[in-house]
A.B. asks: 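Sending over a structure as structure tokens; questions will come in a sec.
Naming: A, B, ... by sequence-line order, numbering from 1 per chain. Please read all numbers here as calculations on a predicted model, not as lab measurements.
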Amino acid sequence: MALRQLEKTYEPKQVEERWYRFWIDQGYFRASTDRSETPYTIVIPPPNITGSLHVGHALNNSLQDILIRWRRMQGRNTLWMPGTDHAGIATQNVVERQLMSEGSTREALGRDAFIKRVWDWKAQSGGTIIQQLKRLGASCDWDRLRFTMDEGLSKAVREVFVRLHEEGLIYRGERLINWCPRCLTALSDIEVEHEDQPGKLYHIRYPLADDPATFLVVATTRPETLLGDTAVAVHPEDPRHAALIGKSVRLPLTGREIPIVGDSILVDREFGTGAVKITPAHDFNDFEAGERHRLPRLTILDHQARLDPVGLRAALVDREIIEAVELLRVNQARPKIEQKLQERGLLVKVEAHKMALGKCYRCKTVVEPYLSPQWFVKIKPLAEPAIKAVEDGRVRLIPEAWTNNYLGWMRDIKDWCISRQIWWGHQIPAWYCRSCNVDAILETAHEGMATTEAQALPKASRKRITILSNAAPLVSRTAPTRCPACGGNDFFQDPDVLDTWFSSALWPFSTLGWPEQTPELKTFYPTSTLVTGLDILFFWVARMIMMGLKFTGEVPFRDVYIHALVRDAEGQKMSKSKGNVIDPLSVMDRYGTDALRFTLASMASPGRDIKLAEERIEGYRNFANKIWNAARFILMHLDGPRDPVPLKERSFADRWIMSRLNHTIGAVNTSLEQYRFDQAASQLYQFIWHEYCDWYLELAKPSLQDKESSEANRTRRTLLESFETLLRLLHPFMPFISEEIWQTVPHEGDSIVTQPYPSPTPDRESKDAEASFATLEQFVTTVRTGRALLNYQPGKKITLYGAAVREDHFASLQQLRPSIEHLSRGTVHLTAIETWPTDKVLRLVTEGISTGLAVEGEVDFESLLQKIQKQHKDNQQETKRLEGKLGNVEFTSKAPPEVIQEHRDRVRTLQQESRLLDSSERQLRTMMPAKD
RNA sequence: GGGCGGAUAGCUCAGUCGGGAGGGAGAGCGCUGCCCUUACAAGGCAGAGGUCACAGGUUCGAUCCCUGUUCCGCCUACCA
């Protein structure tokens, strides 16, 4: 039969497209609820619909695909559930930018039209990343593609919200929250990134009310907020200030007097001057201190973090100051305040001070603590079971090192602010009866405005609605029709939407149809493994565990594999502004998808960031090409009978490679069980290149070239068996090339995708063949070293001599003589060293195996001599070291006998080698042309 | 401030815990030399290159176990 021949180099591009289409057409990635096999489920970390594939996605999804393809081939009923995330703030930003370029705004469009516009955008551009995942070879069940804003998932969101509210685990209240003055929305604590920055510490004099010549000096990094101070705190046990408690100070730049309070929580006596200003409306600590001392809260910043004239007037700020700073952003107002304090002689000093500034994780704008009514999840009762699940191992974090990190965070968790003042997202299922909440619903300039700010606005400028914290919401799965209190039917839905992570937290079960008890949910939940990056451990993983336990009573997944961050070759974070981004799409174009996947897998060592350099990818592109050429070779030699013969009756080389293959199969499976993608990849690489190609294919050549021999039949048989198995072993890592080649070699079945994954079997083992191989390799390598030393052409046939210290090694050499002669390109005489010619032979030795090479032609005796002398010297040093140990009574009396015996054996071998090197050296000298 | 991780060849990293043993130090890439030998120059063969961060301790023996130090990352935190 004539087999298809392959091109000389592997061309990934058309191969990839062709097979991916085939796999989809055949429906190989479809999961079923009717199958009886053990399910294996992964839910994808849903990428953001505004996103496009970056190298982090490529890593994340390559690893998931490796797991999924591996389990699928093992016969599991696998489901890889794909989907995307609606990314509230990010997506709204994208569409708003689009509107802006058209000279419009979302306000001009109105809420409903805007949301429609986002859906239109999604229909057009939101599928990009899905297409890119397909290019990566991701074997997701695409028929089940989900989106967090789908009707089903939205229903799950409402269900969860209502139930949590019913249990008192969701509440609404006016709190200080993190506010992004650019996105104009609240953020949760973890959406704020902290970064150390150089700042200044201002020391400011606050004159005592009853003794204006005396000052209390406070230290602050934010002097402009003093306008909203409502107290000054000192430590009650601080002898410098304790007596002042109960008195008042005149607040600089204002007409107010504020009290001095004693507070041991807020004040650190060691820091600054030991006196702290309290601004309850603009600082988290001060907010709490304000609650402790029942202080008023004065809001002086507006929603854009500008000094708000209304608030400033309410805070009795001097007219002159108001005029100087009104509507300035904090960073612009600060120098003005500094200047005014200076002018009035109230500024003692300004010193450099590093401080951690909070920034919006989406837009990097400095966030402001902002007082406003928001929705919160009371998180402690949800966190407790989620802590327990990890503590008792129902959820495993891999690498384990992250467990403590997780537990620490969960034990110290704070209530979660879930309302966002944007339009794109799940609108909160809470309604307000207009007649019952007449005083609590205010028309304001914008949503989410602080209470005082909203109340202070003139009616005319109120465009939208703010719902004060005393409003009474009706939380319900559907819009209410009748107010239970007054019977009215005029309702107003809360305009806020939920944090995107609120819906993501439900992902493992909402995608499977929850709250319905669907067959999917019954079959595939709890899921098996979650593969994710460390950066969303708290954002997402922790919340999924909490919600999963709460609403299904079970953990959402058993294993959480946390992979590293991908950095550039210098270890820098990749970012568009630095221009050091490696674009996976371009990499796939140039090197092939398999090369990219294999690179990422091989570098996924636990607990270490990945420094990705393009040369690595190129290296694995070469690996793909190596496999390709091995396939070409095999296809060239497969013609002819290849009947099954028991392994025992096959050649040494056949038994050896099958034994090594078996070892590799075991190692790859074990590595995958442990999520050691790096180990699995290097085992495959090592075996395929350095055992299969370098040695086995070379060993197989003689018999393959003699087509008529019975040996050829057995070799062809082994060649096919081993290679076909190898392709299956490789497939999860390099799906495309493995399919392409597999389809060209004789096989059963329609696609490698659904073939069984190799598992180790004892009958492939052959310890004796492995031992013989070690001897052969030693001999052949030594001969090659000698050839290089003698400058012989690779093809030159030479006369060789061989001997071994150990009987069994010598026996192996005799038995494998044809192979040895083939690989050494020479005629080998296996006899005792004493019988070797005493002239014109270069003698070399390693590990007790001696080789002699006939010396002909021009030879660089000097370098030969150096080589021999160096080895001789190393040899003697090692002998001395070992003899020293063996002469030490401490060692011989306490070390285990095996170790002592091993040392003795090594000394003996070294001594024999030494004798050979001696004679070799002497001979060389006789061969050397006389000097002078 | 707290917690965690890392330091092994020029570069990137395995190896140490537990089936790679506490006893002779590995890989990939790069580098050097030779070779276009009919699977592969995206290749073959050979080679050079390491006080396993530093200082102590345990041990007959430490890259590995223990303690401390230095440097580098990351996470986390209300030091105004």
A.B. asks: Reading RNA chain B from 5' onward, which residue's closest nucleotide shows up sooner: Ala630(A) or Ile610(A)?
C.D. replies: Ile610(A)
A.B. asks: Answer with base, sugar-phosphate or nothing: what part of the nucleic acid does Arg269(A) contact at a heavy-atom distance below 4.0 Å?
C.D. replies: nothing
A.B. asks: For the pair made of CG in Leu397(A) and P in rC75(B), what is the distance, rounded to whole Å?
C.D. replies: 17 Å
A.B. asks: Side chain of Phe538(A): nearest nucleotide among rA80(B), rU76(B), rC29(B)?
C.D. replies: rU76(B)
A.B. asks: Could you give all pairs that pass the ring-ring contact (aromatic ring centres under 6.0 Å, His included) test and reach residues 665-684 of chain A, with sequence neighbours left out?
C.D. replies: Tyr561(A)-Tyr675(A), Tyr561(A)-Phe677(A)
A.B. asks: Taking the same atom, C1', in rA48(B) and in rA7(B), what whole-Å distance lies between them?
C.D. replies: 25 Å
A.B. asks: What is the distance from CD of Glu883(A) to P of rC60(B), rounded to the nearest Å?
C.D. replies: 23 Å
A.B. asks: Taking the minimum atom-to-atom distance to the side chain of Glu698(A), which one of rA14(B), rC79(B), rC40(B) wins?
C.D. replies: rC40(B)
A.B. asks: Under the rule for ring-ring contact (aromatic ring centres under 6.0 Å, His included), what residues qualify as partners of His903(A), not counting sequence neighbours?
C.D. replies: Phe891(A)
A.B. asks: Just the rounded figure in Å: distance from P of rU12(B) to CZ of Arg616(A).
C.D. replies: 11 Å
A.B. asks: Rounding to an integer number of Å, can you tell me how far Arg825(A) CZ sits from rU37(B) C1'?
C.D. replies: 6 Å
A.B. asks: Using a heavy-atom cut-off of 4.0 Å across all strands, would you classify Gly884(A) as base, sugar-phosphate, or nothing?
C.D. replies: nothing
A.B. asks: For nucleotides 62-66 of chain B, list the nitrogen or oxygen atoms of the protein found under 3.5 Å from its nitrogen or oxygen atoms, one pair per line.
C.D. replies:
none

A.B. asks: Distance check needed: rA39(B) P versus Phe633(A) CZ, whole Å only.
C.D. replies: 6 Å
A.B. asks: Going by an N to O cut-off under 4.0 Å, is there a salt bridge joining Glu765(A) and Lys767(A)?
C.D. replies: yes
A.B. asks: Within this structure, what is the CZ-to-P distance between Arg411(A) and rG3(B), rounded to whole angstrom?
C.D. replies: 15 Å
A.B. asks: Base, sugar-phosphate alone, or nothing: which one does Leu201(A) contact when heavy atoms must sit under 4.0 Å apart?
C.D. replies: nothing
A.B. asks: With a 4.5 Å heavy-atom cut-off, do Leu823(A) and Leu776(A) have their side chains touching?
C.D. replies: yes
A.B. asks: I'd like to know whether His822(A) forms a side-chain hydrogen bond (donor to acceptor under 3.5 Å, both in side chains) with Glu698(A), so could you lay out the CA-CA distance, the side-chain angles of the two residues, the decisive distance to 0.1 Å, and finally the verdict.
C.D. replies: CA-CA 9 Å; His822(A) 164 65; Glu698(A) 294 306 323; 4.7 Å; no
A.B. asks: Could you tell me whether the side chains of Asp678(A) and Ser602(A) share a donor-acceptor contact shorter than 3.5 Å?
C.D. replies: no
A.B. asks: Write down the protein N/O and nucleotide N/O pairs, taken from nucleotides 42-46 of chain B, whose separation is under 3.5 Å; answer none if there are no such pairs.
C.D. replies:
{"from": "rA42(B)", "atom 1": "O4'", "to": "Asn622(A)", "atom 2": "OD1", "distance (Å)": "3.1"}
{"from": "rA42(B)", "atom 1": "O2'", "to": "Asn625(A)", "atom 2": "ND2", "distance (Å)": "3.3"}
{"from": "rA42(B)", "atom 1": "N3", "to": "Arg621(A)", "atom 2": "NE", "distance (Å)": "2.8"}
{"from": "rG43(B)", "atom 1": "OP1", "to": "Asn622(A)", "atom 2": "ND2", "distance (Å)": "3.0"}
{"from": "rG43(B)", "atom 1": "O3'", "to": "Lys626(A)", "atom 2": "NZ", "distance (Å)": "3.2"}
{"from": "rG44(B)", "atom 1": "OP1", "to": "Lys626(A)", "atom 2": "NZ", "distance (Å)": "2.9"}
{"from": "rG44(B)", "atom 1": "OP1", "to": "Trp689(A)", "atom 2": "NE1", "distance (Å)": "2.6"}
{"from": "rA46(B)", "atom 1": "O3'", "to": "Thr785(A)", "atom 2": "OG1", "distance (Å)": "3.2"}

A.B. asks: Angle class for the Tyr692(A)/Phe723(A) ring planes (parallel below 30°, perpendicular above 60°, tilted otherwise)?
C.D. replies: parallel
A.B. asks: Between rC78(B), rA39(B), rC74(B), which nucleotide has the shortest distance from any of its atoms to the side chain of Asn285(A)?
C.D. replies: rC78(B)
A.B. asks: What interatomic distance, in whole Å, is found between P of rG30(B) and the corresponding atom of rG44(B)?
C.D. replies: 12 Å
A.B. asks: Going through the distances and angles, do Lys277(A) and Asp229(A) end up as a salt bridge (Lys or Arg N to Asp or Glu O under 4.0 Å)?
C.D. replies: CA-CA 6 Å; Lys277(A) 61 197 260 331; Asp229(A) 284 1; 2.9 Å; yes
A.B. asks: Report the C-alpha distance between Glu618(A) and Asn622(A) in whole Å, list the side-chain angles of each, state the deciding distance to 0.1 Å, and finish with yes or no for side-chain hydrogen bond (donor to acceptor under 3.5 Å, both in side chains).
C.D. replies: CA-CA 6 Å; Glu618(A) 193 182 341; Asn622(A) 297 351; 5.1 Å; no
A.B. asks: Please give, in whole Å, the distance from rU38(B) P to Leu697(A) CG?
C.D. replies: 16 Å
A.B. asks: Expressed in whole Å, how much space separates the C1' atoms belonging to rC31(B) and rG49(B)?
C.D. replies: 9 Å
A.B. asks: Any base atoms under 4.0 Å from Lys701(A), or only sugar-phosphate, or nothing? Heavy atoms, all strands.
C.D. replies: base
A.B. asks: Could you please spell out the steps behind the salt bridge (Lys or Arg N to Asp or Glu O under 4.0 Å) verdict for Lys880(A) and Glu883(A)?
C.D. replies: CA-CA 5 Å; Lys880(A) 213 171 141 190; Glu883(A) 281 176 337; over 6 Å; no
A.B. asks: Base, sugar-phosphate or nothing for Ser682(A)? Non-hydrogen atoms, less than 4.0 Å.
C.D. replies: nothing
A.B. asks: Identify, between Ser605(A) and Val276(A), the residue whose nearest nucleotide on RNA chain B lies closer to the 5' end.
C.D. replies: Ser605(A)
A.B. asks: Is the shortest heavy-atom distance from the side chain of Ile657(A) to the side chain of Phe687(A) under 4.5 Å?
C.D. replies: yes
A.B. asks: Tell me, do Val15(A) and Ile737(A) make a side-chain contact under 4.5 Å, heavy atoms counted?
C.D. replies: no
A.B. asks: Report which part of the nucleic acid Asp268(A) touches: base, sugar-phosphate, or nothing (heavy-atom distance under 4.0 Å, all strands).
C.D. replies: base
A.B. asks: Using a 4.5 Å cut-off on heavy atoms from C-beta on, say whether the side chain of Arg334(A) contacts that of Arg222(A).
C.D. replies: yes
A.B. asks: Taking the six-membered ring where the residue is Trp, are the ring centres of Trp402(A) and Tyr406(A) under 6.0 Å apart?
C.D. replies: no
A.B. asks: Without decimals, in angstroms, what is the distance between Lys867(A) NZ and rG33(B) P?
C.D. replies: 18 Å
A.B. asks: Which dot-bracket string fits RNA chain B when only Watson-Crick or G-U wobble pairs with both atom distances under 3.5 Å count, crossing pairs get [ ], and | stands for a partner on a different strand?
C.D. replies: (((((((..((((.........[..)))).(((((.......))))).....(((((..]....))))))))))))....
A.B. asks: Between protein and nucleotides 18-23 of chain B, what N or O pairs are separated by less than 3.5 Å?
C.D. replies:
{"from": "rG18(B)", "atom 1": "N2", "to": "Gln674(A)", "atom 2": "NE2", "distance (Å)": "3.3"}

A.B. asks: State, yes or no, whether a side-chain contact exists between Met636(A) and Arg632(A) at a heavy-atom distance under 4.5 Å.
C.D. replies: yes
A.B. asks: State, without any angle test, whether Thr782(A) and Thr851(A) hold a side-chain donor-acceptor pair at a distance under 3.5 Å.
C.D. replies: no
A.B. asks: What does Phe284(A) touch in the nucleic acid at a heavy-atom separation under 4.0 angstrom: a base, only the sugar-phosphate, or nothing?
C.D. replies: nothing
A.B. asks: Is it the case that the side chains of His203(A) and Glu351(A) hold a donor-acceptor pair, with the cut-off being a distance below 3.5 Å and no angle test?
C.D. replies: yes
A.B. asks: Taking atom P in both rA53(B) and rG15(B), compute the distance separating them and give it to the nearest angstrom.
C.D. replies: 15 Å
A.B. asks: Of the candidate nucleotides rG15(B), rC40(B), rA80(B), which contains the atom at the shortest distance from the side chain of Arg676(A)?
C.D. replies: rG15(B)
A.B. asks: Using a heavy-atom cut-off of 4.0 Å across all strands, would you classify His353(A) as base, sugar-phosphate, or nothing?
C.D. replies: sugar-phosphate
A.B. asks: Taking the side chain of His194(A) as its heavy atoms from C-beta onward, which of rA77(B), rC60(B), rA80(B) lies nearest to it?
C.D. replies: rA77(B)
A.B. asks: If you measure from the P atom in rA42(B) to the same atom in rG47(B), how many Å do you get, rounded?
C.D. replies: 24 Å
A.B. asks: Look at all strands and tell whether Tyr685(A) reaches a base, only sugar-phosphate, or nothing, counting heavy atoms closer than 4.0 Å.
C.D. replies: sugar-phosphate
